[in-house]
Protein chains: 2
Amino acid sequence: MGVLETTKTRAARVENAVELPLGRILDGDCVEAMRKLPDGSVDCVFADPPYNLQLGGDLNRPDGSAVDAVTDHWDQFDSFKVYDDFTRAWLTEARRVLKPDGALWVIGSYHNIYRVGAILQDLGFWILNDIVWRKTNPMPNFKGTRFTNAHETLLWASMGEKAKYHFNYRAMKTLNDELQMRSDWVLPICSGGERLKEGGTKVHPTQKPEALLYRVLLATTEKGDVVLDPFFGTGTTGAVAKRLGREWIGCERENVYRDAAYARIAKELPLDESALETMQSKKNAPKVAFGALVENGYLKPGTEVFDKKRRWVATVRADGSLAVGKQTGSIHGLGKDLQGAPSCNGWTFWHYEVDGDVKPIDAARQLYLLATED
Amino acid sequence: MGVLETTKTRAARVENAVELPLGRILDGDCVEAMRKLPDGSVDCVFADPPYNLQLGGDLNRPDGSAVDAVTDHWDQFDSFKVYDDFTRAWLTEARRVLKPDGALWVIGSYHNIYRVGAILQDLGFWILNDIVWRKTNPMPNFKGTRFTNAHETLLWASMGEKAKYHFNYRAMKTLNDELQMRSDWVLPICSGGERLKEGGTKVHPTQKPEALLYRVLLATTEKGDVVLDPFFGTGTTGAVAKRLGREWIGCERENVYRDAAYARIAKELPLDESALETMQSKKNAPKVAFGALVENGYLKPGTEVFDKKRRWVATVRADGSLAVGKQTGSIHGLGKDLQGAPSCNGWTFWHYEVDGDVKPIDAARQLYLLATED
DNA sequence: AGTTTTTATGAATCTTCAC
DNA sequence: GGTGAAGATTCATAAAAAC
């Protein structure tokens with residue numbers, strides 16, 4: 001195990017470069033395509049394989065509109081067995097073409113990432129981190145049946161327990177306001193001008209944000225490194241690699257995606273720093289839910305809270321709701337209802353007693369923030 | 001497949017209760033211990049299995065002080081094979097003792113969670129969410145060799161793709177200030193007064209925060225449910241279960257942990273009934289037929305109702321059906337047909353005038369419910 | 001032209017009960 | 001088990017439309 005942090009050209013780059021299809025998207029099945037590459041020839045593999053979503057019927061939003069689901073043929077697998085075989089096949093080829101000090105990245109969701117993670121461990125890869133991409137704007141759970149699925153997972157692995165790998169620790173720390181970069185990354189989904197569209201409809205159903213690739217490549221590759229993406233899609237990996245001065249190779253069997261990717265990457269200019277803006281933006285001011293205070297014991301369920309004039313006394317319940325007799329609601333909603341007001345700031349409306357003092361519940365929030373701030 | 005949200009006592013609770021070792025920590029290996037429990041007898045399994053950390057050698061902070069790593073004998077496994085066999089064994093028993101509408105929770109890190117996730121899928125469990133516990137105060141990466149490992153992962157799974165399960169959606173939404181609870185949970189690690197210590201050193205190396213269990217149990221169990229924890233440790237699950245009015249059973253083979261857990265849980269006080277009440281979904285509200293409102297004079301036959309933009313105006317008929325010209329139907333069916341939508345909630349679609357105000361007909365239902373409850 | 005309101009949409013394993 | 005009806009259910013963003 002070890003970390004290399006260097007800007008020097010890596011050995012064996014020049015001799016491989018002449019035979020590698022740099023800046024090209026290989027046609028056809030990715031396992032077949034990768035077979036054309038020599039052993040130990042790439043520095044990094046970034047893979048965004050099909051997630052095997054196993055969706056049922058149609059889904060409609062509360063307003064009745066339809067959700068545009070990922071029903072493409074390339075995401076259809078008959079069983080976990082079939083998906084596992086597919087996964088083992090492409091991971092085996094990826095492992096063959098990686099240099100001994102190369103690294104693998106895979107992104108996935110709970111549908112597939114546990115299969116992928118177990119198989120890559122079985123093949124000898126050594127997980128260095130699992131990274132959580134926390135989406136600022138995920139799709140909600142429209143039916144209220146589960147927690148909002150608000151993240152995806154990336155696995156970062158070296159070639160083995162004792163293998164060397166590259167990690168640009170300083171760059172990551174700088175990018176994160178001089179704090180160590182953590183394993184949870186907060187980034188928006190790909191939308192707006194960045195999202196490739198053709199006649200108003202998205203070209204690819206699962207295009208990844210460039211800021212995600214930017215951080216991956218900046219963290220774990222050097223300038224001039226060769227990055228291989230076996231599921232190239234519309235070429236986010238290639239576009240960001242070019243921007244950052246890395247070489248790239250893609251595999252993609254759909255003509256439409258290949259064409260879109262070539263056109264997109266041709267427009268890309270090396271060393272454009274625009275994506276940095278998104279990444280360096282400070283974390284949003286921490287919001288605290290009243291429920292968090294209850295969970296963490298700052299206000300115990302059963303505590304009585306009241307407005308300043310003690311016109312109403314409410315009881316704190318286990319889920320952070322309040323109750324006055326049969327009327328219940330959130331700190332804001334119940335305050336609003338009781339007063340018949342259009343709105344109410346529950347943080348300043350409700351008070352509680354601490355050691356004989358009466359304080360707004362906002363005081364508990366301040367204590368909580370002090371105790372938990374990074 | 002489905003979601004149940006109810007405060008009612010679950011069927012089959014009473015008969016099982018008499019034979020189950022509620023409030024007890026079973027001694028010995030958890031697989032052996034679980035064999036003593038009958039099939040389909042518990043509502044929830046929460047498991048915090050050994051992490052298979054495979055730390056090579058000792059770890060030191062930059063100042064030379066040693067990190068108290070998890071190197072206890074119970075955490076050593078020769079290989080993934082041994083760990084997988086162990087995992088399959090306890091998950092199989094957990095599956096046997098769970099009710100058909102029960103649920104499984106497992107917490108882990110990247111060292112073990114991919115093994116666990118793949119195996120539980122192989123056994124037929126159906127993943128509902130993977131939850132990221134984002135730590136506000138993780139241990140830094142002292143050597144600067146990787147990203148700060150700032151999270152752990154929890155898997156929440158039902159007994160199968162079509163199995164029912166329980167999710168207190170409304171309580172979670174309330175706990176999160178009226179926004180859907182997401183799959184990423186921000187909580188501090190267990191420290192301070194909550195951390196069990198004996199002579200200045202921590203009793204258990206991986207004690208989980210009570211806030212984590214609080215959210216798990218509040219979200220996916222009901223009052224009176226039986227929660228089994230096969231790796232009980234110092235009893236965080238039992239302490240929170242008791243506080244929340246849930247029954248608990250533990251398995252733990254280390255005497256020291258069992259003793260600490262019993263002492264800890266004895267000090268725990270259950271919350272009283274009223275504090276345990278949580279916000280309820282409308283799914284639980286007693287059903288009211290629109291016709292009942294008409295019968296009882298809340299909306300008289302002949303009243304005009306209309307959608308918000310007054311694109312359609314319908315007349316209420318004596319049997320609770322609506323008519324727009326020759327088109328007739330129920331409040332839902334007619335709203336659906338007029339819009340050409342896949343479905344329509346007539347309660348919120350149709351409005352009526354009361355004292356000059358425009359209100360959804362759902363307001364009349366609320367009045368009716370208030371007047372008739374109890 | 002500038003501001004406010006409305007609409008569209010994103011890797012989604014997304015209902016339940018009676019007949 | 002299949003079908004149909006009742007009825008519960010959404011957050012952040014960006015672009016378009018309205019004012």
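Throughout, protein chains are lettered first and strands after them, A, B, ... in sequence-line order, and every chain is numbered starting at 1.
Looking at heavy-atom distances under 4.0 Å, B:Lys173 makes contact with sugar-phosphate atoms alone, never a base. Residue-level contact check: A:Lys197 touches neither bases nor backbone, having no heavy atom under 4.0 Å from any strand. Looking at heavy-atom distances under 4.0 Å, B:Cys344 makes contact with a base. Among the atoms of the strands shown, none is found under 4.0 Å from any heavy atom of A:Gly108. Within 4.0 Å (heavy atoms only), A:Thr206 reaches at least one base atom of the nucleic acid. Residue contacts for A:Asn141: at a heavy-atom cut-off of 4.0 Å it reaches a base atom on one of the strands shown. Using a 4.0 Å heavy-atom cutoff across all strands shown, A:Asp48 reaches at least one base atom of the nucleic acid. Across all strands, A:Pro209 comes closer than 4.0 Å to no nucleic acid atom at all (heavy-atom distances).
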List, one per line, each side-chain donor-acceptor pair under 3.5 Å for residues 336-350 of chain B, sequence neighbours excluded.
from, atom 1, to, atom 2, distance (Å)
B:Gln339, NE2, B:Gly335, O, 3.1
B:Asn345, OD1, B:Trp347, N, 3.0
B:Thr348, OG1, B:Asn345, O, 3.2
B:Trp350, NE1, B:Ile331, O, 2.9

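Annotation for A:Tyr114 and B:Ile113: closest pair CD2-O, 3.5 Å, computed over non-hydrogen atoms. B:Gly320 approaches B:Val294 most closely through the heavy-atom pair CA-CG2, 4.1 Å. The heavy-atom pair separating A:Ser330 from B:Glu178 by the smallest distance is CB-OE2, 3.8 Å.
B:Phe167 places its CZ atom 15 Å from the C1' atom of C:dT13, with the value rounded to the nearest Å. When the P atom of D:dA8 is taken as reference, atom CG of A:Asn60 falls 17 Å away, rounded to whole Å. A straight line from CG of A:Leu59 to C1' of C:dT9 spans 13 Å, rounded to a whole angstrom. In this structure, the NZ atom of B:Lys162 is 10 Å from the P atom of D:dG1, given to the nearest Å.
Residues of residues 72-90 of chain A that place a heavy atom closer than 4.0 Å to DNA chain C, in numerical order, are A:Trp74, A:Asp75.
A donor-acceptor contact under 3.5 Å is formed by the side chain of B:Ser343 with the base of D:dA8. Residue-to-nucleotide contacts include no donor-acceptor pair under 3.5 Å from the side chain of B:Arg365 to the base of D:dG7.
At D:dA6, none of the side-chain N or O atoms of B:Lys283 fall inside 4.0 Å of OP1 or OP2 (strictly under the cut-off). Distances shown here put every side-chain N or O of B:His332 at or beyond 4.0 Å from the OP1 or OP2 atom of D:dA6. For the pair B:Thr348 and D:dA8, the criterion of a side-chain N or O lying under 4.0 Å from OP1 or OP2 is not met. Put simply, A:Tyr110 has a side-chain N or O that comes within less than 4.0 Å of OP1 or OP2 on C:dT13. Regarding contacts with the backbone of D:dG7, every side-chain N or O of B:Lys282 stays at 4.0 angstrom or more from both OP1 and OP2.
The P atoms of C:dC19 and D:dG7 are separated by 14 Å, rounded to the nearest whole Å. Rounded to the nearest Å, the gap between the C1' atom of D:dT10 and that of C:dT7 is 14 Å. D:dA17 and C:dA1: their C1' atoms are spaced 15 Å apart (whole Å). On the C1' atoms, C:dT15 is 22 Å away from C:dA11, given to the nearest whole Å. Nucleotides D:dA12 and C:dC14 place their P atoms 22 Å apart, quoted to the nearest Å. A gap of 23 Å separates the P atoms of C:dT13 and D:dA8, to the nearest Å.
The side chain of A:Ala69 approaches C:dA12 more closely than any other nucleotide in the set C:dG10, C:dA12, D:dT9. You'll find that the side chain of A:Lys202 is closest to C:dG10, out of C:dG10, C:dC14, D:dA8. Checking D:dT9, C:dT7, C:dA11 against every side-chain atom of B:Lys309, the shortest atom distance belongs to C:dT7. The side chain of B:Tyr169 approaches D:dT9 more closely than any other nucleotide in the set D:dT9, D:dA14, C:dT9. The side chain of A:Arg61 lies closest to C:dT9, out of C:dT9, D:dA6, C:dC14. Comparing atom distances between the A:Glu152 side chain and each of D:dG7, C:dA11, C:dA12 picks out C:dA11 as nearest. Nearest nucleotide to the side chain of A:Val70, out of C:dT13, C:dA11, D:dT9: C:dA11. The side chain of B:Asn345 lies closest to D:dA8 when the candidates are C:dG10, D:dA8, C:dA11. Comparing D:dA12, C:dA11, C:dT9 by their closest approach to the side chain of B:Leu179 singles out D:dA12. Set against C:dT9, C:dA11, C:dT13, the side chain of B:Trp126 has C:dT13 as its closest nucleotide.
For A:His204, the ring-ring contact (aromatic ring centres under 6.0 Å, His included) test picks out A:Trp74, A:Tyr257, with sequence neighbours left out. Applying the salt bridge (Lys or Arg N to Asp or Glu O under 4.0 Å) test to B:Asp177 and every residue at least two apart in sequence or in another chain returns nothing. Residues meeting the salt bridge (Lys or Arg N to Asp or Glu O under 4.0 Å) test with A:Lys81, sequence neighbours left out: A:Asp85.
Nearer the 5' end of DNA chain C, as judged by each residue's closest nucleotide, is the contact made by A:Ser191, out of A:Ser191 and A:His111. When each of A:Pro138 and A:Thr145 is assigned the nucleotide of DNA chain C with its nearest heavy atom, A:Pro138 is the one assigned upstream, toward the 5' end. Both A:Asp63 and A:Gly193 lie near DNA chain D, and the one whose nearest nucleotide falls closer to the 5' end is A:Asp63. Mapping A:Asn137 and A:Pro62 onto DNA chain D by nearest heavy atom places A:Pro62 closer to the 5' end of the strand.
A cation-pi arrangement is absent between A:Arg365 and A:Phe290 under the rule of less than 6.0 angstrom and at most 45 degrees off the ring axis. A cation-pi arrangement is not found for B:Arg134 relative to B:Trp185, the charged atom failing to lie both closer than 6.0 Å to the ring centre and inside a 45° cone about the ring normal. Taking the ring axis of B:Phe306 as reference, the NZ or CZ atom of B:Arg311 does not stay both within 45° of it and closer than 6.0 Å to the ring centre.
Ring stacking is absent between A:Phe142 and C:dC14, as the pair misses the limits of under 5.5 Å between centres and under 30 degrees between planes.
Separation of the B:Phe167 and B:Trp156 ring centroids falls under the 6.0 Å cut-off.
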- request: Apply the test side chain to side chain donor-acceptor pair (under 3.5 Å) to residues A:Asn129 and B:Tyr110: give CA-CA distance (whole Å), side-chain angles for both, the deciding distance (0.1 Å), then the verdict.
  value: CA-CA 7 Å; A:Asn129 278 114; B:Tyr110 67 83; 5.5 Å; no
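Shown here, C:dT13 is classed syn by the O4'-C1'-N9-C4 or O4'-C1'-N1-C2 angle, which is within 90° of 0.
Secondary structure note: stems in DNA chain C built from 3 or more consecutive Watson-Crick or G-U wobble pairs under 3.5 Å occupy C:2-10 with D:11-19, C:15-19 with D:2-6.
With salt bridges taken as basic N to acidic carboxylate O contacts below 4.0 Å, none links B:Lys309 and B:Asp307.
Atom CZ of A:Arg253 has 12 or fewer neighbouring heavy atoms from other residues, nucleotides or ligands inside a 6.0 Å radius.
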